[in-house]
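Structure, as structure tokens:
In the text below, chain A, chain B and the rest are named by the order of the sequence lines, each starting its count at 1.
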Number of protein chains: 2
Amino acid sequence: MEKARRRATIIDVGRHAGVSAKTVSRVLNGEPHVSPAVQQRVRDAAASLHYHPNMLARALVRQRSMLLGLVYENPSASYVVELQRGMLTRLADTPYRLVVFPIASIIERSGEVAGLLRSAGLDGVVLAPPAADDLRILNDLASAGIACARIGPSRAIELAPSNIVDDITAAREIATHVIELGHRTIGIIKGHASHAASEARTMGYSQAFYAAGLPMRLDLVEQGDFTRESGHAAAERLLARAEAPTAILAQNDDMAVGALLAARERGLTVPDDLTLVGFDDSEISRICWPPLTTVRQPVFEMAREATDMVIAQLEDRPPLLRHDHPHDLLIRASTAAPPRS
Amino acid sequence: MEKARRRATIIDVGRHAGVSAKTVSRVLNGEPHVSPAVQQRVRDAAASLHYHPNMLARALVRQRSMLLGLVYENPSASYVVELQRGMLTRLADTPYRLVVFPIASIIERSGEVAGLLRSAGLDGVVLAPPAADDLRILNDLASAGIACARIGPSRAIELAPSNIVDDITAAREIATHVIELGHRTIGIIKGHASHAASEARTMGYSQAFYAAGLPMRLDLVEQGDFTRESGHAAAERLLARAEAPTAILAQNDDMAVGALLAARERGLTVPDDLTLVGFDDSEISRICWPPLTTVRQPVFEMAREATDMVIAQLEDRPPLLRHDHPHDLLIRASTAAPPRS
DNA sequence: CACACCTGTGTCAACGTTGTCAACGTCGGA
DNA sequence: TCCGACGTTGACAACGTTGACACAGGTGTG
């Protein structure tokens with residue numbers, strides 16, 4: 001086992017191969033105008049010295065760190081996994097690396113966020129909600145010259161490259177499905193207010209109610225924050241009412257699973273006693289029992305595409321400014337007609 | 001919206017405050033021996049220029065990038081989420097950042113891995129299996145002077161700081177539980193052979209069989225690779241046999257969930273028709289139905305602790321070399337006595 | 001044969017920051 | 001009054017790499 005010794009530099013390699021550092025640099029970066037003989041000597045020298053380029057020095061002089069960030073809020077949400085997979089898929093076999101920035105309560109600290117990203121030396125970032133909707137952050141990134149692309153913004157779509165799904169329509173469709181099954185007393189578990197998607201999805205639900213001639217029952221709207229625990233608590237509050245809903249619309253799958261557990265604890269069977277729907281088609285919506293009726297948002301594809309948008313900017317290709325992604329209503333086993341009372 | 005202009009440097013701040021760059025550096029790093037008046041001037045200047053230190057330059061001269069890596073193999077495995085959460089928890093409010101390195105087939109490419117980590121300029125890494133068991137990688141990291149700590153290695157424990165659970169005992173306990181319920185024909189779904197844990201867990205099962213006077217039925221051992229799909233396929237092979245097992249021991253929860261779906265497709269009810277256990281206590285083992293009997297490995301805590309070991313090395317504190325973590329047999333609803341045939 | 005141009009190589013200055021060392025006061029004590 | 005110590009500041013050289021430029025020699029063109 002070798003001792004930790006000073007890392008070989010490009011100069012050491014040069015000396016070893018009898019050429020200048022610059023020539024080594026040329027060989028290692030595949031630049032033209034180096035004779036084959038020298039190329040071979042340099043490669044041999046590099047190998048025998050176990051030379052590996054120092055990214056930091058390279059980053060400093062090139063003004064490119066090859067570091068991309070992913071900014072999101074809740075590290076345990078199941079869609080974060082998809083976000084990462086999407087980015088990593090695009091980044092595989094590129095020299096870019098992924099740095100993760102889970103940030104608690106982004107909105108209150110949006111002032112710090114850009115400074116954080118700036119001093120981390122990132123070349124670009126992918127912003128997930130709610131950062132994707134924060135104008136302050138967008139502005140600061142632009143002025144710092146950091147490329148960015150967004151996932152699921154609902155506001156100011158034109159300001160920066162965006163990957164969008166039509167939350168309103170998707171929410172309307174899933175609510176319509178529940179209404180058509182015959183439900184009339186329908187509870188809603190909203191996501192965190194800082195996410196613009198919460199508002200959009202609620203609007204979609206309300207459109208469906210309106211179209212069906214149903215009132216929008218504000219007393220059956222409970223606030224959650226996209227975590228399973230909050231879904232559990234919200235469902236408990238809904239199910240404890242005198243007039244308990246026969247169906248619950250949760251604004252993401254995590255909260256729906258929380259509601260599912262809450263229902264199970266009360267001895268209710270889904271979907272016989274309670275119809276339950278989520279949003280996102282995250283992995284757990286397929287794994288839990290019953291699998292959840294939900295709306296598929298192509299989070300993986302959006303993340304991959306967003307990453308591509310960032311890379312395009314870094315490579316001076318004109319980035320796509322707006323990519324509309326399709327959603328899909330997935331009817332699974334968690335929805336049924338309401339029980340006859 | 002401001003135009004992307006050149007980032008302010010420490011020199012600009014110095015000029016603006018009427019001091020040298022070095023003095024600015026001192027103020028910003030909280031070094032002593034700077035008069036309060038100058039400190040204030042420098043801070044004001046920095047704020048008015050929107051100055052943020054350039055981590056890359058700092059990294060170059062300090063030989064510290066403040067970047068820690070997480071090396072793992074399968075980006076979708078549910079325990080990777082726990083790994084990340086553990087690391088990020090320890091890293092919160094430190095200047096360190098997390099860079100993720102999902103690497104396909106680590107074992108075949110262990111030669112490249114260290115080079116990759118080295119040239120990324122990492123200060124340290126946390127190695128998850130199977131990288132944690134790869135001597136080549138350990139060796140290369142040591143010679144490159146990169147701090148490391150490991151999670152769940154089964155081999156060469158003494159070589160680098162390790163966070164371990166006793167896989168053998170844990171596996172023996174869960175197998176014993178199944179045997180005590182009365183099962184005699186027990187299938188096994190192994191994890192990927194490159195993970196030393198697969199071997200260890202299989203040994204634990206075999207000890208339980210031996211102690212109970214049962215033969216170790218090699219014909220009932222199926223190979224998986226820790227993914228849900230592989231668990232699904234392996235379970236199908238097991239259940240299609242003439243003498244199908246009444247219980248299946250899966251070496252992680254993902255594969256157990258795959259087996260659960262396979263059983264469901266065949267019309268089998270867990271646990272009435274088939275007893276099923278997993279390993280890891282990952283989130284999905286609690287969410288699926290029935291919730292899985294499994295062994296809790298404190299992955300979150302191990303990751304947090306491993307991160308602490310790395311940081312200790314970077315701060316020249318003597319790191320803990322070995323941390324044994326407790327496991328827990330969690331008996332849930334997926335296990336029951338075998339059906340009377 | 002002069003000239004432009006290309007190939008192959010080297011020199012040097014950046015990139016933004018911090019460590020080292022020296023210089024300049026000022027103050028307390030001998 | 002002089003000396004050493006200390007607090008405060010700056011000059012300068014790193015850190016490892018690449019971009020801009022220079023230069024030597026060869027090759028093709030008019």
Hey, is the main chain of B/Ala197 close enough, under 3.5 Å, to the side chain of B/His195 for a donor-acceptor pair?
-> no
Bend angle of the helix from C/dC1-D/dG30 to C/dA30-D/dT1, from helix axes over five pairs at each end, nearest 10° = 50°
To the nearest Å, give me how far apart CE (A/Met55) and C1' (D/dT18) are.
-> 14 Å
Which residues satisfy the salt bridge (Lys or Arg N to Asp or Glu O under 4.0 Å) test with A/Asp308, sequence neighbours excluded?
-> A/Arg90
Pairwise distance CZ(A/Arg62) to CE(A/Met55) - rounded to 0.5 angstrom = 8.0 Å
Quickly work out the A/Ile10 CD1 to D/dC15 C1' distance and round it to whole Å.
-> 14 Å
Rounding to a whole Å, what distance do you find between A/Leu56:CG and C/dC15:C1'?
-> 13 Å
May I ask you to decide if A/Ile106's main-chain N or O and A/Ser110's side chain share a donor-acceptor pair within less than 3.5 Å?
-> no
Report the distance from atom CD of B/Glu31 to atom P of C/dT20, rounded to the nearest whole Å.
-> 11 Å
Expressed in angstrom and rounded to an integer, what is the separation of A/Asp123 atom CG from C/dC15 atom P?
-> 18 Å
Just grab all the salt bridge (Lys or Arg N to Asp or Glu O under 4.0 Å) pairs involving residues 298-307 of chain B, residues at least two apart or on different chains.
-> B/Arg296-B/Glu301
Return the polar atom pairs (N/O with N/O) between nucleotides 5-9 of chain C and the protein under 3.5 Å, or none.
residue: C/dT9; atom: OP1; partner: A/Ser35; partner atom: OG; Å: 3.4
residue: C/dT9; atom: OP2; partner: A/Ser35; partner atom: N; Å: 2.9
residue: C/dT9; atom: OP2; partner: A/Ser35; partner atom: OG; Å: 3.2

Counting side-chain heavy atoms from CB outward, which of C/dT18, D/dT17, D/dA20 is closest to A/Lys22?
-> D/dA20
A/Leu60 atom CG is separated from D/dG16 atom P, nearest whole Å, by 12 Å
So the salt bridge (Lys or Arg N to Asp or Glu O under 4.0 Å) pairs with at least one residue in residues 16-40 of chain B (sequence neighbours excluded) are none
Can you check nucleotides 23-27 of chain D for protein contacts, nitrogen or oxygen pairs under 3.5 Å, and list what you find?
none

Is the distance from OP1 or OP2 of C/dT18 to the nearest side-chain N or O of B/Gln63 less than 4.0 Å?
-> no
Report, as yes or no, whether the 6.0 Å neighbourhood of atom NE2 on B/His325 holds more than 12 heavy atoms from other residues, nucleotides or ligands.
-> yes
Between B/Asp12 and B/Arg15, is the closest basic N to carboxylate O distance under 4.0 Å?
-> yes
Which atom pair, heavy atoms only, marks the closest approach of B/Leu60 to A/Ala57?
-> CD1-CB, 3.7 Å
Nearest to side-chain heavy atoms of B/Ser25, which nucleotide of C/dT18, D/dT17, C/dT17 | C/dT18
A/Asn54 has a side chain; which of D/dT17, C/dT18, D/dC15 sits nearest to it?
-> D/dT17
Give, for atom OH of A/Tyr96 and atom OG1 of A/Thr307, the distance between the pair rounded to the nearest 0.5 Å.
-> 11.5 Å
Any side-chain N or O of A/Asn29 less than 4.0 Å from the OP1 or OP2 oxygen of D/dT18?
-> yes
Rounded distance (Å) that lies between atom P of C/dG16 and atom CG of B/Leu28 = 15 Å
In terms of heavy-atom contacts, B/Ala132 and B/Ile151 come closest through CB-O, 3.6 Å
Rounded to the nearest Å, what distance is computed from the CG atom of residue B/Asp12 to the C1' atom of nucleotide C/dC15?
-> 13 Å
Side chains of B/Arg97 and A/Leu116: closer than 4.5 Å at any heavy-atom pair?
-> yes
